[in-house]
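Input: a single structure, listed below in structure tokens.
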There are 2 protein chains.
Amino acid sequence: MPQVSIKDIARMLNISVATVSRALHDRYDVKPETKRKVIELAEKLNYRPNSHAIGLLTKRTHTIGLVVPEIDNQFFSEIINGLESVAYQQGYNVMIFQSQNIYEREVKIIDQLISARVDGIAISLGSTTQDFRHLNMLKELDIPLVMFDRVHDSVFGHKIINDNFDGGYKAGEFLIKSGRQRLAHIAGPDTLKLSRLRLQGFKAALRDAQVELKPEYLVDTTFRLEDSYQTALDLLRLPEPPDAIFAVSDYVALGVLKAARELNLQIPRDLALIGFSNLSVGPLLEPPLTTISQHSFEMGQVTARILLENIESPVKDYKPQTRIFKPELVVRNSV
Amino acid sequence: MPQVSIKDIARMLNISVATVSRALHDRYDVKPETKRKVIELAEKLNYRPNSHAIGLLTKRTHTIGLVVPEIDNQFFSEIINGLESVAYQQGYNVMIFQSQNIYEREVKIIDQLISARVDGIAISLGSTTQDFRHLNMLKELDIPLVMFDRVHDSVFGHKIINDNFDGGYKAGEFLIKSGRQRLAHIAGPDTLKLSRLRLQGFKAALRDAQVELKPEYLVDTTFRLEDSYQTALDLLRLPEPPDAIFAVSDYVALGVLKAARELNLQIPRDLALIGFSNLSVGPLLEPPLTTISQHSFEMGQVTARILLENIESPVKDYKPQTRIFKPELVVRNSV
DNA sequence: TTGTACGCGTTATCAG
DNA sequence: CTGATAACGCGTACAA
């Protein structure tokens, strides 16, 4: 007994599909008895409307596509939750896809989303994406686009971002205030704007306080634990190692933590450490990790709101908005 | 310039839709020049086939629906990654949904998946789900179903599970071998089979070693950090506190860690601690957390393989398989 | 080499 | 109160 259509139901009841459709929708005047029979049979056969047929007809899917680099990252899963909470409330479904930071996959996902005729798309760019045609195409297709966190200026669409410069500045400022002098930074990939901005903010804080940033104290890494651990190890083994590290993310800070432990360095006595993103394990680490927090859930909510607004009241040539969230210093014991 | 169809292209080129379709598919003999013109125009207009139309026509969507309780849980996100890796390789899309452990949401998701005519469904049951009609319905609709991790016997479908009894047994056995006597267990919600099985395995290990399990050493909690922290605090404040705790999951173990630190208990000296699931932060905790590992990525892969097998070669009344993974003890320093 | 026509499931319109 | 039919986008069998 495979999936049934209203046509099947109509046939079995010897009535027309139009009547079945009306009965199912409680529309117009359908003879109560007919309605009852239809509804009962539909129930019995587990009838569910075919959303492809409806999508074809109405050109609306009440679905939004969501693309993140990876799900296994608390920052993104919190954003997803914020976004879903708003979307569901407004009767929209969310289709979640992972680009895994692979450009080709990102392109393919966008193609599929267009094919699926989603009503709008929210994306956080993959770190390797350098060509943006697949995204700028969306404007021509009248598909609303909102970028969050990992955005790029040459893409037409709304932007929901953190003030990463400010976050970097706050991190540097706090480390200096706590009396450190040999400040180091483990940056993210240079291709990511957020990496560059956090670095710039950090540098600005040092400049403002007239603290020198030694070239060998500025290194970069990927977000893989192995890499950040190795990078931290190298950094801490310098003849004159830093006395404070600002890690581009909490994930990277975990690598530093491991390296420090291996070298028998006490945090915060021998080394101050500050991360970025406020993972939920942060407070449970030893020592609890000082970090910069990002309002991820709210970012997801705002992303959804702006996207849905654009979907529900489409404007021919909309003006992309930019919404900036201020990160927050969360003081714990690692500094 | 909204989305175009082959009909639009046909009109603009003064040819029939059939020719356009053929040109796009590199089918039969289409005059090279016609083909070129079609492809160029399609490219220019960013034509993408409407998957609703194709789904309607072919009754295949090459999409599988995936339902997890929550994404913000490393165990599940690893399963997702395993499942996706296999699905993509075989040309299938994955639609990911979160039930948030809310029964009504789970039902609604299943309805939507049926409406979307996905080719198959993989699900990990929500912890509050007690009525399984929405899932047993899938059998009648000929939609293949695979359950993973959180399964239930009264649902018809394949099952991919961990041997949770064995995991609990290994945890208890190891704690005893390490010389502990006052063993406690912080269990998960009793509604979850995995909670009951881990507990049973744990009890069996104690029984086999003739170690008593004091009633006050057996408590349960939800998976929320707050709750497990509070529960652990209560446990450790007993007049005679346990000297070893087996936590139903690493998340819960994090709560224990926090409670122990608050009470100035040294792990493993004053208290041995073992978790379950092998979170990636485990090795970075202080002390590195001993745990039971679950092969989550492989579970996702196997889930996908079994599901796709059923999709590609459907059998009228298939015999549900059960695939059991043996958990593994991961020894670190918390015991 | 190309065109016509059908049908997939649904809703809306128009006609009874 | 109910039925017939067109339309959405596509692939394909059949016809030319």
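Everything numeric here is computed off the predicted structure, so don't read it as measured data. Just so we're on the same page: letters track the sequence lines, and every chain starts at 1.
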Under-3.5 Å N/O pairs linking protein and nucleotides 5-9 of chain C:
{"residue": "C:dC8", "atom": "OP2", "partner": "A:Lys7", "partner atom": "NZ", "Å": "2.8"}
{"residue": "C:dC8", "atom": "O3'", "partner": "B:Lys59", "partner atom": "NZ", "Å": "3.4"}
{"residue": "C:dG9", "atom": "OP1", "partner": "B:Lys59", "partner atom": "NZ", "Å": "2.9"}
{"residue": "C:dG9", "atom": "N2", "partner": "A:Ala53", "partner atom": "O", "Å": "3.4"}

What integer distance in Å separates [X]:[atom1] from [N]:[atom2]?
{"X": "A:Arg60", "N": "C:dT10", "atom1": "CZ", "atom2": "C1'", "answer": "17 Å"}
{"X": "B:Glu33", "N": "C:dT1", "atom1": "CD", "atom2": "P", "answer": "12 Å"}
{"X": "A:Lys35", "N": "D:dC1", "atom1": "NZ", "atom2": "C1'", "answer": "12 Å"}
{"X": "B:His62", "N": "D:dC10", "atom1": "NE2", "atom2": "C1'", "answer": "15 Å"}
{"X": "B:His25", "N": "D:dG9", "atom1": "NE2", "atom2": "C1'", "answer": "11 Å"}
{"X": "B:Ile15", "N": "C:dT4", "atom1": "CD1", "atom2": "C1'", "answer": "14 Å"}
{"X": "B:Arg11", "N": "C:dT4", "atom1": "CZ", "atom2": "C1'", "answer": "16 Å"}

Q | C:dT2 OP1/OP2 closer than 4.0 Å to side-chain N/O of B:Thr19 | A |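 For C:dT2, OP1/OP2 do not have a side-chain N/O of B:Thr19 under 4.0 Å.
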
Q. Taking only side-chain nitrogens and oxygens of B:Ser21, does any of them come within less than 4.0 Å of OP1 or OP2 of D:dG11?
A.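 Checking B:Ser21 against D:dG11: at least one side-chain N or O falls below 4.0 Å of OP1 or OP2.
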
On a heavy-atom basis, which atom in [X] and which in [Y] lie closest, and how many Å separate them?
{"X": "B:Ala42", "Y": "B:Leu24", "result": "CB-CD1, 4.0 Å"}
{"X": "B:His152", "Y": "B:Leu125", "result": "CB-CD2, 3.6 Å"}
{"X": "A:Asp153", "Y": "A:Lys159", "result": "OD1-CE, 3.9 Å"}

(Q) Please verify the inter-ring angle class for A:Tyr92 with A:His62; under 30° counts as parallel, over 60° as perpendicular, anything in between as tilted. (A)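 It falls in the tilted class, 30° to 60°.
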
Q: Could you check if a side-chain atom of B:Arg48 sits within less than 4.5 angstrom of a side-chain atom of A:Met137, using non-hydrogen atoms only?
A: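 Yes, side chains in contact.
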
Q. Side-chain donor-acceptor pair under 3.5 Å between A:Asn81 and B:Glu70, yes or no?
A.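 B:Glu70 and A:Asn81 do not have a side-chain donor-acceptor pair below 3.5 Å.
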
Q | Test: A:Arg11 and A:Asp8 ion pair at under 4.0 Å | A |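 Looking at A:Asp8 together with A:Arg11, the answer is yes, because their closest N to O distance falls below 4.0 Å.
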
Pairs under 3.5 Å (N/O, protein and nucleotides 14-16 of chain D):
none

Q: Using a heavy-atom cut-off of under 4.0 Å over every strand shown, decide if B:Thr58 touches base, sugar-phosphate, or nothing.
A: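 Contact class for B:Thr58: none.
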
(Q) Does A:Gln89 have more than 12 heavy atoms from other residues, nucleotides or ligands lying within 6.0 Å of its CD? (A)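 No.
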
(Q) Counting only heavy atoms from other residues, nucleotides and ligands, does the tally under 6.0 Å from CD of B:Glu312 exceed 12? (A)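 It does: B:Glu312 CD has more than 12 such atoms within range.
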
